[in-house]
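Down below is the structure, laid out as structure tokens.
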Amino acid sequence: MPWKTNTELWDIVGALVISTLSGIISITRRIAKGQPATIFWVISEFLTAIMCGYLMYDAYPHVQANFPEWFTLPLAVAFAAHAGGRLFQEAENAFISHYTKLCGKPRP
């Protein structure tokens, strides 16, 4: 059975699972802080975590030499999935702030 011997497939599945768990943690934290959950927001959180986690999974072999030995692939994927979501949120906030200052229109 090729799915049992294909380690690259299991690596991708592992990266997606770690990224999805990071998305769940992020969503849970924000709901606990009182932010209302909409389906669009939940989907965007999941997709952002999965995208950033997968990008790190793909880039890790090329940048592995720059990291300490303890910063393994699963840890790198988890960090990227979590930090990537925060980075997108901060970029959105900065863009909205700049747009508001530039155009004088309040955020809808």
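Source: prediction; values computed, not measured.
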Interatomic spacing from OG1 in Thr48 to CD1 in Ile43 - rounded to 0.5 Å = 11.5 Å
ask   = Do the side chains of Thr28 and Ile31 get nearer than 4.5 Å, heavy atoms only?
value = no
ask   = Of the non-hydrogen atoms in Ala81 and Ala49, which two are nearest, and what is the gap between them?
value = CB-O, 3.4 Å
Closest heavy-atom pair and its distance - Ala76, Met56 = O-CG, 3.4 Å
key: Stepwise side chain to side chain contact (heavy atoms under 4.5 Å, CB included) check, Trp70 with Leu75   = CA-CA 9 Å; Trp70 55 266; Leu75 186 58; 3.6 Å; yes
task = Name the orientation class of the two ring planes belonging to Phe71 and Phe79 (parallel below 30°, tilted from 30 to 60°, perpendicular beyond 60°).
result = perpendicular
request  = Check whether Phe67 and Leu73 end up in the same hydrophobic cluster, where Ile, Leu, Val, Met, Phe, Trp and Tyr are linked by side-chain heavy atoms less than 4.5 Å apart.
outcome  = yes
request  = Treating Ile, Leu, Val, Met, Phe, Trp and Tyr as nodes and any side-chain heavy-atom pair under 4.5 angstrom as an edge, say whether Phe95 and Leu87 lie in one connected cluster.
outcome  = no
key: Value rounded to 0.5 Å, distance of CD in Glu69 from CD in Gln64   = 9.5 Å
note = Separation between OH (Tyr60) and OG1 (Thr72), nearest 0.5 Å, reads 6.0 Å
